[in-house]
Protein chains: 2
Amino acid sequence: MPTAPFFRRIDVAPAYQKVADAIEREIVNGRIKPGEPIGTEQELVQQFGVNRSTVREGIRVLEEGGLIQRDSSRRLHACLPRYNKLATRLSRALVLHEVTFRELFEASMTLEAASIQGAVERATDANVAELADNLERSEKVVADPAALAELDAEFHVLIAKASQNRVLQLAREPAAQLFFPTTEMIVGRIAEGGARLVEAHRHLLDAIKRRDKEAGALWTRRHLQDWRRGFEKIASLDRSVEHMYMEHAHAARRR
Amino acid sequence: MPTAPFFRRIDVAPAYQKVADAIEREIVNGRIKPGEPIGTEQELVQQFGVNRSTVREGIRVLEEGGLIQRDSSRRLHACLPRYNKLATRLSRALVLHEVTFRELFEASMTLEAASIQGAVERATDANVAELADNLERSEKVVADPAALAELDAEFHVLIAKASQNRVLQLAREPAAQLFFPTTEMIVGRIAEGGARLVEAHRHLLDAIKRRDKEAGALWTRRHLQDWRRGFEKIASLDRSVEHMYMEHAHAARRR
DNA sequence: ATTCTAGCTTTGTCGGACAAATCCAGAATA
DNA sequence: TATTCTGGATTTGTCCGACAAAGCTAGAAT
């Protein structure tokens with residue numbers, strides 16, 4: 001017969017985890033504001049009463065989580081996690097789960113449509129200017145798939161930004177990171193691919209300027225359908241996202 | 001006059017980062033499959049030729065990134081990053097960026113609608129069964145806001161799962177993690193809140209069974225509008241997501 | 001006032017150490 | 001023979017101390 005349960009489970013989290021949690025709590029609760037210094041490793045050693053190796057393991061956890069960063073002089077600061085850094089983690093997860101382009105396409109269709117919708121409603125003059133600038137640069141490289149693909153990705157990031165909805169901005173990022181690298185391949189394979197892409201962007205910007213939801217939705221659909229048609233010339237939508245995209249994400253993270 | 005650039009930039013990433021990158025590459029490239037052991041710290045020390053402290057810092061990075069895990073016996077294994085663990089990171093980021101409930105609501109509206117859409121098109125019998133089970137349990141706790149809120153969150157996760165779209169599943173999670181904790185408060189404050197919630201779920205499940213897109217879209221809107229009305233009785237939609245939600249996410253992560 | 005320099009600090013890495021938990025294989029037992 | 005026990009070997013989590021390289025700082029030199 002088991003004894004009555006006098007004791008509750010005791011916390012046996014390793015020390016480095018407790019260090020990480022403690023610092024995380026201070027940051028998330030706002031007691032340490034983004035940008036503020038965390039202190040040197042030596043100080044943390046003294047405050048927590050653990051060894052420096054232990055502190056350092058805790059620091060790595062927070063660093064990877066994007067909550068703290070080292071500045072130019074390697075000192076620790078709290079910081080706002082950057083979306084695209086986090087999104088890279090997610091993209092990696094999607095790759096490992098071997099999601100298909102069909103899933104990617106469907107999700108992106110929804111997310112991009114919502115972004116445009118938001119942009120049409122709430123884009124500021126500054127947003128429009130950024131988009132216009134991007135469009136102008138795109139027009140100059142219509143014939144250069146690599147450059148155009150990069151600008152295309154940027155264009156859609158700017159649209160998400162113009163939606164003024166950071167949740168949407170974050171939600172679309174992982175899919176976009178996997179989605180847009182294909183653009184380069186596709187633009188080259190479809191007749192007038194570059195021109196069609198730029199034209200779609202032009203209409204999207206125009207829709208935003210005129211706050212015309214209909215046009216925004218229409219050209220989003222067309223733009224993505226173009227992608228889809230192009231993609232299907234290369235491969236089946238049911239192909240899973242390939243490992244090569246990780247190379248891409250990898251390279252991007254280093255920058 | 002500067003000399004001709006004979007040399008390219010040399011890589012000065014710290015050793016622990018190189019260790020992490022090296023292991024990550026093997027996993028992402030598929031040379032180490034999820035579930036397979038990574039080896040002991042000692043083995044890694046020998047393979048990389050660095051100190052154990054260095055290896056351990058690298059391990060922390062990968063652990064936090066969700067790429068490796070320790071099993072019950074604390075041995076290291078590669079693993080598929082779990083969505084809700086990653087999503088917790090994102091939720092935390094959203095909190096720190098002080099996103100508003102309006103952003104959360106708008107994004108969720110889009111994402112939940114897309115999930116239902118997908119579920120209506122592609123839900124399997126197993127999905128339907130899970131949803132039916134959830135509904136049944138929900139009906140038993142209509143009067144218990146806390147229990148109902150939890151089941152509501154689960155219901156929507158199940159719907160996303162039924163959409164068979166993992167990108168969508170992942171994209172909706174961060175917003176959902178912040179969105180659904182409010183349900184508990186709201187259900188209590190709106191007349192017949194619990195009953196309305198369960199009714200909406202019933203109609204959603206029904207729409208999925210009948211593969212009726214219209215009904216699915218309609219009841220998603222109603223369901224979320226109910227949330228919105230309830231929320232606005234408590235606070236403005238322009239309130240930023242509060243720090244208290246982190247407590248929630250925090251507690252959940254421990255489980 | 002500006003530049004230089006020599007120390008002080010901090011980080012990244014290393015080697016070694018030890019207790020606690022876990023694993024494993026051979027011994028003892030039913 | 002199958003199961004349980006047990007003691008040693010591994011492995012992890014933590015600690016201590018050390019050192020080179022890079023960054024910072026304050027006083028010296030110009």
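Here is the naming used below: chain letters follow the sequence lines, and residue numbers restart at 1 for every chain. These values consider heavy atoms only, across backbone and side chains, with no hydrogens, waters or symmetry-generated copies.
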Between B/Ser240 and B/Glu98: side-chain donor-acceptor atoms closer than 3.5 Å: no
Interatomic distance where CD belongs to B/Gln46 and P belongs to D/dT10 [whole Å]: 12 Å
For A/Leu170, side-chain contact (heavy atoms from CB on, under 4.5 Å) partners two or more places apart: A/Tyr83, B/Leu90, B/Leu94
Five-pair end axes of the helix from C/dA1-D/dT30 to C/dA30-D/dT1 and the angle they enclose, rounded to 10°: 0°
B/Thr54: partners by side-chain contact (heavy atoms from CB on, under 4.5 Å), with sequence neighbours left out: B/Ala15, B/Tyr16, B/Val50, B/Asn51
Residue pair A/Trp227 / A/Thr182, side-chain donor-acceptor N/O under 3.5 Å: yes
Any donor-acceptor N or O pair under 3.5 Å, side chains B/Glu103, B/Thr100: yes
Base versus backbone protein contacts along nucleotides 13-18 of chain D [heavy-atom cut-off under 4.0 Å; B, S, -]: BBBB-B
Chain B contact limits on DNA chain C, taken 5' to 3' with a cut-off of 4.0 angstrom to heavy atoms: C/dG12 to C/dC23
Under-4.0 Å salt bridge between A/Glu150 and A/Arg137: no
Atom pair distance, as rounded to whole Å: CZ in A/Arg75 and P in D/dC24: 6 Å
By side-chain contact (heavy atoms from CB on, under 4.5 Å) - contacts of B/Gln46 (at least two apart): B/Gln42
B/His156 versus B/Glu112, side-chain donor and acceptor atoms under 3.5 Å: yes
A/Glu106 and B/Val167: CA distance, side-chain angles, deciding distance, side-chain contact (heavy atoms from CB on, under 4.5 Å) verdict: CA-CA 9 Å; A/Glu106 184 184 72; B/Val167 182; over 6 Å; no
Side chains of A/Thr88 and A/Asn84, donor plus acceptor under 3.5 Å: no
